[in-house]
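First the structure, which I've put down as structure tokens, then a few questions once you've had a look.
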Amino acid sequence: MRVDGETAVIPLRAMTAGEILDAAVALLRRHAAPLLALSLTLAAVEQLMLAQLRTFAALNPPLYYWRINSEDIDWVPVVAAGLASEAFIIAMLGAVAGAAAGPALLGRRIGNRELFARVRPLPALLLAVTLAALTFGAAIAGFLGVIFVYGLAGLATVVLTVDRTANPFTAMGRAVGRATRGGMRGALLRLLGYLVWLAIRLALGSGWVIAASTVTSVAGWTWWLDWAVPVAWAMANAVAYAALACLDAVLLLEIRVRTEGLDISVSRARSLGRDPAAALVVRR
């Protein structure tokens with residue numbers, strides 16, 4: 001669909017799960033430079049933080065830092081911190097992706113300066129820290145709760161930037177409400193997207209390390225794994241985190257089309273000669 005001379009990368013209609021994933025990748029491609037730069041920066045900081053925790057818990061390379069057969073539980077806080085950092089990074093990137101999604105839906109191209117001007121960083125930071133704390137607590141309590149935190153509340157920063165809610169915690173409540181509509185469809189699609197990109201980043205992060213470590217271990221060259229493995233995971237995570245943030249942005253708009261008639265509101269605004277971007281705003 002072409003609008004205002006540009007191609008709308010997010011269809012203004014209800015979509016299937018596959019179409020949502022495709023639209024998320026299209027949104028990432030349009031704003032790849034800012035999203036991937038921010039994602040790579042945050043993923044690198046994440047690996048530096050986790051490196052300290054892994055050293056303290058004696059979790060060493062070459063691969064997943066997880067002693068599955070050990071009776072020790074030193075790995076629990078490390079994995080919990082990793083999940084919490086993921087929640088934080090995806091939430092912060094979600095604020096940026098949400099700022100990009102509205103114009104992308106309307107067929108408008110915006111520059112990086114306008115993109116970041118729409119982000120609302122302080123409220124987004126507050127929500128991201130809240131989601132990270134909830135994720136860490138759920139992980140420490142047994143990991144099952146992480147699924148519910150991620151599936152139900154993870155759209156909060158996207159709601160914040162798309163709806164322009166005045167109170168950030170209103171965005172949190174609205175995210176839960178939208179994720180649970182239609183038999184938990186939003187939550188289930190968010191979890192599906194996470195699993196898809198988990199498989200991709202496992203392949204990206206571990207594939208070349210496995211091959212290289214197999215060769216170098218024969219010669220006794222294992223020292224390089226201490227830095228190569230975190231670099232591999234930082235790069236793989238950076239791509240996945242940015243893609244998941246874009247998925248959140250597309251998913252929110254699709255939920256609003258499907259359950260709130262956003263497509264009707266945008267079409268009515270256009271027919272009346274009004275700015276269709278106003279249809280995206282739900283300040284209450």
Side-chain angles (χ1 to χ4, degrees), residues 3-10 23-49 85-132 153-172 174-175 190 193 197 234-235 237-254 256 262 266 275-283:
V3 184
D4 299 334
E6 289 285 349
T7 301
V9 299
I10 304 176
V25 174
L27 180 62
L28 176 57
R29 290 177 61 186
R30 171 164 287 192
H31 296 281
L35 282 168
L36 290 177
L38 179 58
S39 184
L40 183 58
T41 300
L42 293 174
V45 172
E46 176 190 37
Q47 289 300 316
L48 290 174
M49 176 196 72
S85 64
E86 284 190 5
F88 176 84
I89 294 171
I90 295 171
M92 290 303 299
L93 292 170
V96 180
L105 179 76
L106 302 175
R108 296 177 180 174
R109 187 180 293 272
I110 61 174
N112 294 341
R113 180 175 298 180
E114 183 180 354
L115 173 66
F116 284 105
R118 295 167 53 89
V119 168
R120 305 179 66 192
L122 292 180
L125 179 62
L126 177 60
L127 284 175
V129 169
T130 301
L131 287 170
L155 293 174
T157 54
V158 179
V159 173
L160 178 76
T161 52
V162 173
D163 288 14
R164 316 302 295 178
T165 55
N167 186 334
F169 291 102
T170 300
M172 180 80 77
R174 196 171 294 169
R190 196 164 193 262
W197 279 100
M235 295 174 63
N237 287 342
V239 176
Y241 292 159
L244 288 170
C246 290
L247 174 64
D248 288 344
V250 173
L251 179 59
L252 172 66
L253 292 175
E254 198 275 344
R256 289 190 56 184
L262 177 61
V266 169
D275 183 5
L280 299 174
V281 178
V282 186
R283 293 186 183 277

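Numbers here are sequence positions counted from 1. All figures in this text were calculated on a predicted structure; none of them were measured in a lab.
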**Q.** For S85, side-chain hydrogen bond (donor to acceptor under 3.5 Å, both in side chains) partners two or more places apart
**A.**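 Counting only residues at least two positions away or on another chain, S85 forms a side-chain hydrogen bond (donor to acceptor under 3.5 Å, both in side chains) with E46.
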**Q.** NZ/NE/NH1/NH2 to OD/OE distance under 4.0 Å, D163 and R120
**A.**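 Salt bridge flag = no for R120 with D163.
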(Q) Using 0.5 Å steps for rounding, measure from the OH atom of Y241 to the CG atom of L93. (A)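 The OH atom of Y241 sits 9.5 Å away from the CG atom of L93.
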Q.
For A171, give me all partners under side chain to side chain contact (heavy atoms under 4.5 Å, CB included), at least two apart in sequence or on another chain.
A.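 Once residues adjacent in sequence are excluded, the partners of A171 under the side chain to side chain contact (heavy atoms under 4.5 Å, CB included) criterion are L127, V159, L160, T165.
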Q) Which distance, rounded to the nearest 0.5 Å, do you find between the CG of L126 and the CG of L122? A)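 So the gap between those two atoms works out to 9.0 Å.
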Determine all donor-acceptor pairs shorter than 3.5 Å in which one atom belongs to a side chain in residues 243-250; sequence neighbours excluded.
from : atom 1 : to   : atom 2 : distance (Å)
D248 : OD1    : R190 : NE     : 2.7
D248 : OD2    : R190 : NE     : 3.3
D248 : OD2    : R190 : NH2    : 2.7

Q: Please name the pair of heavy atoms, one in G98 and one in V158, separated by the smallest distance, quoted to 0.1 Å.
A: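 Scanning both residues completely, I find the closest heavy atoms to be CA-CG1, 4.1 Å.
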Q. Out of curiosity, M235 CE to L36 CG, how far, rounded to the nearest 0.5 Å?
A.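 So the gap between those two atoms works out to 11.0 Å.
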Q.
Once rounded to the nearest 0.5 Å, what's the spacing between atom CD1 of I90 and atom CG of L155?
A.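 It is 11.5 Å, given to the nearest 0.5 Å.
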Q. Between L131 and M172, is any pair of side-chain heavy atoms under 4.5 Å apart?
A.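 Yes, close enough: below the 4.5 Å cut-off.
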**Q.** Side chain to side chain, N237 and Q47, heavy atoms closer than 4.5 Å
**A.**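 Answer yes - side chains close enough.
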Q.
What's the separation between atom CG in L27 and atom CD1 in I10, rounded to the nearest 0.5 Å?
A.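 These two atoms lie 5.0 Å from each other.
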Q: Sequence neighbours left out, what passes side-chain hydrogen bond (donor to acceptor under 3.5 Å, both in side chains) with R118? Give chain and number order.
A: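 Counting only residues at least two positions away or on another chain, R118 forms no side-chain hydrogen bond (donor to acceptor under 3.5 Å, both in side chains).
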**Q.** For the student: nearest non-hydrogen atoms of L115 and I110, plus distance
**A.**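 The pair with the smallest heavy-atom distance is CA-CD1, 3.9 Å.
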**Q.** Atom of A132, atom of F88 and distance for their closest heavy-atom approach
**A.**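 That closest heavy-atom pairing would be CB-CB, 4.0 Å.
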Q | pair R29-V9: side-chain heavy atoms closer than 4.5 Å | A |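 No, side chains not in contact.
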Q: Check whether any side-chain heavy atom of M92 sits under 4.5 Å from a side-chain heavy atom of L38, and report yes or no.
A: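 No; the side chains remain at least 4.5 Å from each other.
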Q.
side-chain contact (heavy atoms from CB on, under 4.5 Å) for R256 and V282? Distances and angles first, verdict last.
A. CA-CA 11 Å; R256 289 190 56 184; V282 186; 3.3 Å; yes
Q: Output the distance between atom CG (L252) and atom CD (E254), rounded to the nearest 0.5 Å.
A: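 Between atom CG of L252 and atom CD of E254 there are 10.0 Å.
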Q. Taking only residues two or more places apart in sequence, or in another chain, which ones meet L40 in a side chain to side chain contact (heavy atoms under 4.5 Å, CB included)?
A.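 Per chain and number, L40 pairs via side chain to side chain contact (heavy atoms under 4.5 Å, CB included) with A238.
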(Q) Run the side chain to side chain contact (heavy atoms under 4.5 Å, CB included) test against V45 and tell me which residues pass, sequence neighbours left out. (A)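 So V45 forms no side chain to side chain contact (heavy atoms under 4.5 Å, CB included) with any residue.
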Q | Listed once per pair and sorted, the salt bridge (Lys or Arg N to Asp or Glu O under 4.0 Å) pairs that draw on residues 87-102, sequence neighbours left out | A |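 Every pair satisfying salt bridge (Lys or Arg N to Asp or Glu O under 4.0 Å) with a residue in residues 87-102: there are none.
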Q) What's the shortest heavy-atom distance between A175 and A153, and which atoms? A)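 Minimum heavy-atom separation between A175 and A153: CB-O, 4.2 Å.
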Q) Would a 4.5 Å heavy-atom cut-off, applied to side chains only, mark L280 and L253 as touching? A)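 Sidechains of L253 and L280: in contact.
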Q.
Run the side chain to side chain contact (heavy atoms under 4.5 Å, CB included) test against V266 and tell me which residues pass, sequence neighbours left out.
A.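 If we apply the side chain to side chain contact (heavy atoms under 4.5 Å, CB included) test to V266, skipping adjacent residues, the hits are L12, L106, L262, R270, P276, A279.
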(Q) Looking at every heavy atom in both T157 and A124, which two are closest together, and how far apart are they? (A)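 Where T157 meets A124 most closely, the heavy atoms are CG2-O, 3.8 Å.
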Q) Is the closest side-chain heavy-atom distance between L125 and V129 below 4.5 Å? A)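 A side-chain contact under 4.5 Å exists here.
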